[in-house]
Amino acid sequence: MRAEVNKFREPNLSKSLWPVLICLIGALTAIRIGPIGGVVFFVGYVWLAVVSFPLAAMLYILAAPFPIGLVLHHHKFYVADFMAIVLALKLFKDHLHEGLRGLIDTFLPTPFRWPILFVLLLSVLSLAGSLSRLGTVIKILEYIEFFVVMVAVFRQAGNDQRVWNRYFTALFIVVSAVALYGLYQFLFQLGPIYNIVDGHHVRATGFFGQPNPFGAFSEETFPLAVALLTLGPRYLRRGWLVAATTLTALGAVESYSRGSWVADAAAVFFMLVLILITKPQLAKQFAWYSIGIPILMFVTIFLLGKTNLTHYAVSSPVHKNTAERLRSTVTAVIHPQGHFDTNQRLLIWKSAIQAIRQHPLLGVGLGNFHLFIQHHPPKGLAAVPPMAHNLYLEWGADLGVGGIIAALWLEWSWIRHAVSLVRQKTTAMPEYWYAALVGAFGSVVAFIVHNWVDFLIDQGVIVPLLIALAVIAVGYDHYRKRQAF
């Protein structure tokens with residue numbers, strides 16, 4: 001493997017230790033004295049970004065799923081948002097000497113450049129008809145953080161396996177930890193009554209507040225983990241990666257999110273097709289793990305669902321068990337009126353279509369569909385949703401018809417470049433990058449499929465997708481420049 005020259009030097013551990021300790025002190029102080037602890041934390045984080053940019057990026061991955069922050073003007077600002085600002089300024093400073101072209105290449109990778117710019121242009125134009133201009137501005141900044149800044153941050157690792165191993169390790173650690181916390185919620189019914197499953201348990205939510213984002217966080221990580229485990233170099237095939245892959249599958253299952261289940265099934269299917277086309281000798285091993293582990297987790301959750309560890313939980317026979325929920329994933333499509341969740345989504349989608357018809361050019365403003373449906377609730381709607389439960393209709397309502405085009409264009413750019421890289425460079429590509437790119441492709445597929453029934457561009461849940469996009473962008477950079485991995 002050809003190393004990136006001076007891209008990332010191994011950080012001096014003694015130099016990294018002090019800023020990490022300051023970050024830790026700040027985090028602990030914030031528990032008792034929030035503002036002072038926050039200031040101390042970010043002093044340490046700025047220092048860390050200077051002495052070890054990869055370590056600072058790892059800390060972002062670890063912090064992103066936790067809703068630590070503050071609320072200003074009814075909008076949440078997380079610690080991870082401020083960390084992204086620090087990382088953006090560091091990147092800007094490091095590449096300023098390259099001029100405008102260098103900054104564009106840094107923050108807007110070629111394969112996704114034009115669709116991203118199209119989304120941002122539509123978002124700015126939507127301010128003209130926005131139902132909440134402040135809300136739209138905040139959403140624009142959030143999209144810049146995700147699709148511009150953080151993809152650029154992870155992409156700076158180039159083809160350095162050492163740095164990518166750290167990023168993947170951080171992701172797998174935090175997803176595994178959240179999955180274990182979700183299991184604790186499930187077992188002891190630590191959640192609202194409307195999330196009850198199997199009578200004495202609840203759908204896991206982690207720290208996301210809702211089961212679907214929790215499921216998506218695990219579901220979009222699973223393809224990366226199982227690909228590295230089964231397709232990557234031998235040194236990755238260790239017990240810890242098997243455990244991480246198992247726990248990511250557990251997180252998706254215990255969420256009881258039908259969208260997550262279908263999304264990962266689709267991801268595994270299309271990954272298997274791609275492997276059969278490029279490296280058929282690896283297909284059997286991949287199939288064993290990618291299909292066997294989720295089945296094992298379904299069986300585990302089904303059996304655990306028969307327990308009652310709370311001894312005081314109210315049993316609800318109305319709520320389905322694991323097998324019935326799995327069966328209803330199919331029947332909800334065939335008979336949507338017979339399923340409350342599906343019926344509610346149909347009402348929400350009808351409202352989104354109404355918004356598109358009334359505001360076809362500029363939309364109601366990025367992030368403002370929830371305000372539209374609040375003022376125009378369809379008959380039979382149980383509660384005002386925070387979004388349209390569909391990426392394409394959400395962007396169509398928020399940005400006009402162009403938003404639907406932007407969503408399809410953006411996703412097509414992800415898929416097209418991931419597939420073409422794997423197919424065209426299979427023989428020249430090291431095992432590590434073949435596995436990473438196939439896993440990134442799977443994460444993208446999972447995101448696309450799940451977002452037909454949910455809208456999952458939000459803090460924390462989006463991190464696996466951003467890492468996958470950075471992997472694809474790095475692969476494209478090396479393919480375009482005809483460099484060896």
Side-chain angles (χ1 to χ4, degrees), residues 6-72 75-96 106-107 141-142 144-146 148-158 160 162-178 180-181 206-208 217 459-464 466-467 470:
N6 293 327
K7 192 81 174 191
F8 277 121
R9 293 178 179 173
E10 281 292 304
N12 186 308
L13 293 179
S14 61
K15 290 183 178 179
S16 301
L17 180 61
W18 287 109
V20 169
L21 286 175
I22 291 176
C23 288
L24 181 60
I25 292 171
L28 294 174
T29 304
I31 297 174
R32 298 297 299 271
I33 313 173
I36 295 177
V39 170
V40 173
F41 176 86
F42 279 102
V43 168
Y45 192 73
V46 171
W47 187 4
L48 182 63
V50 172
V51 300
S52 178
F53 192 80
L55 196 55
M58 284 179 62
L59 195 53
Y60 175 93
I61 295 171
L62 294 171
F66 301 99
I68 304 169
L70 58 137
V71 177
L72 293 175
H75 293 277
K76 296 178 181 177
F77 294 89
Y78 297 108
V79 168
D81 294 323
F82 297 102
M83 295 166 76
I85 293 173
V86 172
L87 295 171
L89 292 174
K90 179 65 167 61
L91 268 187
F92 183 83
K93 175 181 175 295
D94 288 348
H95 292 271
L96 183 60
T106 297
F107 288 99
L141 294 175
E142 188 177 73
I144 291 173
E145 173 190 338
F146 296 156
V148 177
V149 173
M150 292 315 302
V151 173
V153 166
F154 299 135
R155 182 175 162 233
Q156 290 304 294
D160 192 331
R162 297 168 302 176
V163 177
W164 280 107
N165 280 338
R166 294 170 188 164
Y167 291 165
F168 289 133
T169 299
L171 178 64
F172 299 156
I173 286 174
V174 74
V175 173
S176 298
V178 172
L180 288 173
Y181 177 62
F207 302 95
F208 294 98
F217 187 52
Q459 186 62 259
V461 65
I462 198 74
V463 169
L466 302 183
I467 292 175

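Quick note: numbers below take in every heavy atom, side chains included, and nothing from hydrogens, waters or symmetry partners.
- In this structure a side-chain-to-backbone donor-acceptor pair under 3.5 Å is missing from Arg166 to Leu55.
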Using the rule given for side-chain contact (heavy atoms from CB on, under 4.5 Å), can you reason through Phe217 versus Val174, listing the C-alpha separation, both sets of side-chain angles and the distance that settles it, and then say yes or no? CA-CA 10 Å; Phe217 187 52; Val174 74; 3.9 Å; yes
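- Counting heavy atoms from C-beta outward, Tyr78 and Phe66 have side chains that stay 4.5 Å or more apart.
- Partners of Glu145 according to the side-chain hydrogen bond (donor to acceptor under 3.5 Å, both in side chains) rule, which considers only residues two or more places apart in sequence or in another chain, are Tyr60, Gln459.
- Atoms CE and CG, on Met58 and Leu171 in that order, are 11.0 Å from each other to the nearest 0.5 Å.
- Residue Thr29 holds its OG1 atom at 11.0 Å from CD1 of Ile22, rounded to the nearest 0.5 Å.
- Taking SG of Cys23 as the reference point, atom CG of Leu28 lies at 11.0 Å (rounded to 0.5 Å).
- Relative orientation of the Tyr45 and Phe41 rings is parallel, given thresholds of 30° and 60° on the angle between their planes.
- In this structure, Ser52 contributes its side chain and Leu48 its backbone to no donor-acceptor pair below 3.5 Å.
- Counting non-hydrogen atoms of neighbouring residues, nucleotides and ligands closer than 6.0 angstrom, the CD1 atom of Ile36 reaches no more than 12 such neighbours.
- Ring-plane geometry between Trp164 and Tyr167 is classed as perpendicular, the angle between the planes exceeding 60 degrees on a 0 to 90 degree scale with a lower cut at 30.
- Residues Met150 and Leu87 are in side-chain contact: their nearest non-hydrogen atoms beyond the backbone lie under 4.5 Å apart.
- Side-chain contact between Ile467 and Phe168 is present, with heavy atoms from C-beta onward closer than 4.5 Å.
- Classification of the Phe82-Phe77 ring pair by plane angle, with boundaries at 30° and 60°, yields tilted.
- Between the OG1 atom in Thr169 and the CD1 atom in Ile61 there is a gap of 9.5 Å [rounded to 0.5 Å].
- The ring of Phe92 has its center no closer than 6.0 angstrom to the ring center of Phe107.
- Distance CG/Leu96 to CG/Leu89: 11.5 Å, rounded to 0.5 Å.
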